[in-house]
> 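Before I ask anything, let me first share the structure, which is written out below as structure tokens.
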There are 2 protein chains.
Amino acid sequence: MHSFTEENYIKAIYKLLESNDETVSTNAIAERMNTKAASVTDMLKKLSAKKLVNYQKYQGVTLTAKGEKTALNIIRKHRLWEMFLVEKFNFTWDEVHDVAEQLEHIQSEKLIDELDKFLNFPKVDPHGDPIPDAKGKLHLQKSKPLSQFNIDDVCVITGVVDHSPSFLRYLDKQGFVLGNEIKIKDMADFDRSLQISVNKRASFFISNDVAKNILVIAKQI
Amino acid sequence: MHSFTEENYIKAIYKLLESNDETVSTNAIAERMNTKAASVTDMLKKLSAKKLVNYQKYQGVTLTAKGEKTALNIIRKHRLWEMFLVEKFNFTWDEVHDVAEQLEHIQSEKLIDELDKFLNFPKVDPHGDPIPDAKGKLHLQKSKPLSQFNIDDVCVITGVVDHSPSFLRYLDKQGFVLGNEIKIKDMADFDRSLQISVNKRASFFISNDVAKNILVIAKQI
DNA sequence: ATTTATTTTTAGACTTATCTAAATTTTAAT
DNA sequence: ATTAAAATTTAGATAAGTCTAAAAATAAAT
């Protein structure tokens, strides 16, 4: 089995791969884990020897299939425990994290399967984050048009419905990029036009026609 | 806070003090923890520096008040988790131990208080072992005469009602010793005499008069 | 295309917990 | 009261994970 420390590194790498892309840098890991780059290098060598990461000196890392499976299992445990604490033990969302960080390392298949059953096999946690199933599969949320969201919702751009050049040109001009975060600031009842802010920049208006053609998912924090 | 390892040592010392008495030897700890005497010595020095144990070279150890409080808190957590796993997660008693050994080290007051509440503040676990309350107090089970137990019950000798020399001489002759384990093999309806086995030795008979004068508690495994 | 700055890695040291083997102390036995 | 046996402690090593400081490699800037 893997040590707590190894598991924490794997999880950090997974999270960084999820938001950034390509490969993850030593410094990025060090920053996320409040440790020093030298320590990260040491650990990367060890994880590489265990075939959990693909690592080449100076070139950053990615997870191997085995590493990703490990990460998903830890995340599954973390999110199930968070659900449990909030739903059954009256924890608030800000209290939940530290305890779940501890609980996610408990080793017992049966414990997690029973926990899953106890919670009635939830697909997403209350953050909207998907919970991997027992096989490590993520039931990804289906994207929906931005027009179906409401004031104060925050979501992430995943694609478009209309692929016409004119629409894509429009998006480009407005600065929309895949993965950008959109917050709905206001909505006009009479024409369903939206006032939105992209990546926390200054807000602007888009028509309902545009909103219907931008695919998003609820923000995963 | 204390490391997992420190907590495990503290717990082991507590258990040994509970069954034996006086002080606990280095070798006894080593045996219980499947480790070497040299490792125990190192740890005892550390625990002593932290004022968790009273330790003098070659003289064995006892727990300080602080150490005992620590031990009781770990035991509280362990037994509450055992109850939880059995009652809510369909664990059998033999599956429970390893997982509870892990869960007992999770640090969160709120978690344990909520767990306690969730289980409706149990006083003893299904082994009959008492569960320390939030203040670390043990609600000790009161001893009862052996005559009040039934076939297949297993209990431990804690004292006697009749302190007369003739009775004590009788007990001595039969090989009864404080702390011995008694299993009731059979009971005769007509005179309530018992067939019992002491410490798993060959069984023999005692009269109801004798059984009424031996104090026991249900076995704590 | 060099030089400079940044990132990453190595080298050596420290901490916790463990071990083996040797030395010391206590206990038991003659 | 010595000697023998058992228990305990010390000394020195090892492994995991961390750190600082210096060296090496990559990326950025002139």
Side-chain angles (χ1 to χ4, degrees), chain A residues 1-14 16-17 19-63 67 70-71 74 101-102 104-105 107, chain B residues 1-14 16-17 19-63 67 70-71 74 101-102 104-105 107:
Chain A
M1 275 305 110
H2 316 299
S3 71
F4 282 23
T5 311
E6 286 167 351
E7 290 194 352
N8 286 333
Y9 273 90
I10 293 287
K11 194 174 61 154
I13 295 167
Y14 181 92
L16 288 166
L17 280 170
S19 47
N20 292 8
D21 25 354
E22 305 279 324
T23 62
V24 173
S25 74
T26 302
N27 267 357
I29 298 170
E31 191 181 358
R32 188 172 231 278
M33 302 198 61
N34 292 311
T35 184
K36 296 299 153 73
S39 310
V40 175
T41 300
D42 287 346
M43 181 54 78
L44 292 181
K45 285 183 195 164
K46 190 198 290 190
L47 294 177
S48 182
K50 288 193 169 190
K51 312 265 190 215
L52 291 163
V53 300
N54 304 114
Y55 168 63
Q56 297 198 128
K57 275 192 189 184
Y58 297 101
Q59 304 308 148
V61 277
T62 57
L63 291 173
T70 304
I74 302 165
E101 290 276 292
Q102 298 179 63
E104 74 190 5
H105 300 296
Q107 310 255 315
Chain B
M1 275 305 110
H2 316 297
S3 69
F4 282 24
T5 312
E6 285 168 352
E7 290 194 351
N8 286 333
Y9 272 90
I10 293 286
K11 194 173 64 154
I13 295 167
Y14 181 92
L16 289 166
L17 281 169
S19 46
N20 293 10
D21 26 354
E22 305 280 323
T23 62
V24 172
S25 73
T26 302
N27 267 355
I29 298 170
E31 191 181 356
R32 188 172 232 279
M33 300 197 64
N34 293 312
T35 183
K36 295 300 153 72
S39 310
V40 175
T41 300
D42 286 346
M43 182 54 78
L44 291 181
K45 284 183 195 164
K46 190 198 289 192
L47 295 176
S48 181
K50 288 194 170 189
K51 311 267 189 216
L52 291 163
V53 299
N54 304 115
Y55 169 62
Q56 296 198 127
K57 274 193 191 181
Y58 298 101
Q59 303 308 147
V61 276
T62 56
L63 291 173
T70 304
I74 302 164
E101 290 276 293
Q102 298 179 62
E104 74 189 5
H105 301 294
Q107 310 254 316

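Order of the sequence lines sets the chain letters (A, B, ...), proteins ahead of strands, with each chain counted from 1. Please read all numbers here as calculations on a predicted model, not as lab measurements. Only heavy atoms go into these numbers, but all of them, side chains included; no hydrogens, no water, no symmetry mates.
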> Using the closest heavy atom to pick a nucleotide of DNA chain D for each, name whichever of B:Ala37 or A:Phe4 lands nearer the 5' end.
B:Ala37
> Counting any heavy atom closer than 4.0 Å, what does B:Tyr55 reach on the DNA or RNA strands: base, sugar-phosphate only, or nothing?
sugar-phosphate
> Applying side chain to side chain contact (heavy atoms under 4.5 Å, CB included), run through A:Tyr9 and A:Leu44 and close with a yes or a no.
CA-CA 9 Å; A:Tyr9 273 90; A:Leu44 292 181; 5.5 Å; no
> What integer distance in Å separates B:Met33:CE from C:dC19:P?
10 Å
> May I have the distance from B:Lys50 (atom NZ) to C:dT16 (atom C1'), rounded to whole angstrom?
11 Å
> Using whole Å, report how far CD of B:Gln56 lies from C1' of C:dT26.
15 Å
> Just wondering, are more than 12 heavy atoms of other shown residues or ligands nearer than 6.0 Å to CD in A:Glu31?
no
> Rounded to whole Å, how long is the line connecting atom CG of B:Leu44 with atom C1' of D:dT9?
11 Å
> Has A:Asn27 got a side-chain N or O lying under 4.0 Å from the OP1 or OP2 atom of C:dT8?
yes
> Check whether any side-chain N or O of A:Thr26 sits under 4.0 Å from OP1 or OP2 of C:dT9, and answer yes or no.
yes
> Could you tell me the separation between the CG atom of A:Asn8 and the P atom of D:dA16, rounded to a whole number of Å?
17 Å
> Show your reasoning for whether side chain to side chain contact (heavy atoms under 4.5 Å, CB included) applies to A:Leu47 and A:His2.
CA-CA 10 Å; A:Leu47 294 177; A:His2 316 299; over 6 Å; no
> If you define the side chain from C-beta out and look only at heavy atoms, does anything of B:Tyr55 sit under 4.5 Å from B:Thr41?
yes
> Working to the nearest 0.5 angstrom, can you tell me the gap between B:Ile10 CD1 and B:Leu63 CG?
5.5 Å
> Let me know the distance between NE2 of B:His2 and C1' of C:dT16, rounded to the nearest Å.
16 Å
> Any side-chain N or O of B:Lys57 below 4.0 angstrom from OP1/OP2 of C:dT24?
no
> In chain order, what residues pass the side chain to side chain contact (heavy atoms under 4.5 Å, CB included) check against B:Glu101, with sequence neighbours excluded?
B:Lys11, B:His78, B:His97, B:Glu104
> Round to a whole Å and report the spacing from CD of B:Glu6 to P of C:dT18.
10 Å
> Which protein N or O atoms sit under 3.5 Å from an N or O of nucleotides 18-20 of chain D?
from   : atom 1 : to      : atom 2 : distance (Å)
D:dT18 : OP2    : A:Tyr9  : OH     : 3.3
D:dC19 : OP2    : A:Thr35 : OG1    : 2.6
D:dC19 : OP2    : A:Lys36 : N      : 3.2
D:dC19 : OP2    : A:Ser39 : OG     : 2.6
D:dT20 : OP2    : A:Lys36 : NZ     : 3.2

> How far apart are the C-alpha atoms of B:Thr23 and B:Gln59, what are their side-chain angles, what is the distance that settles it, and do they pass the side chain to side chain contact (heavy atoms under 4.5 Å, CB included) test?
CA-CA 8 Å; B:Thr23 62; B:Gln59 303 308 147; over 6 Å; no
> Whole Å only: how far is the OH atom of B:Tyr58 from the P atom of C:dT24?
9 Å
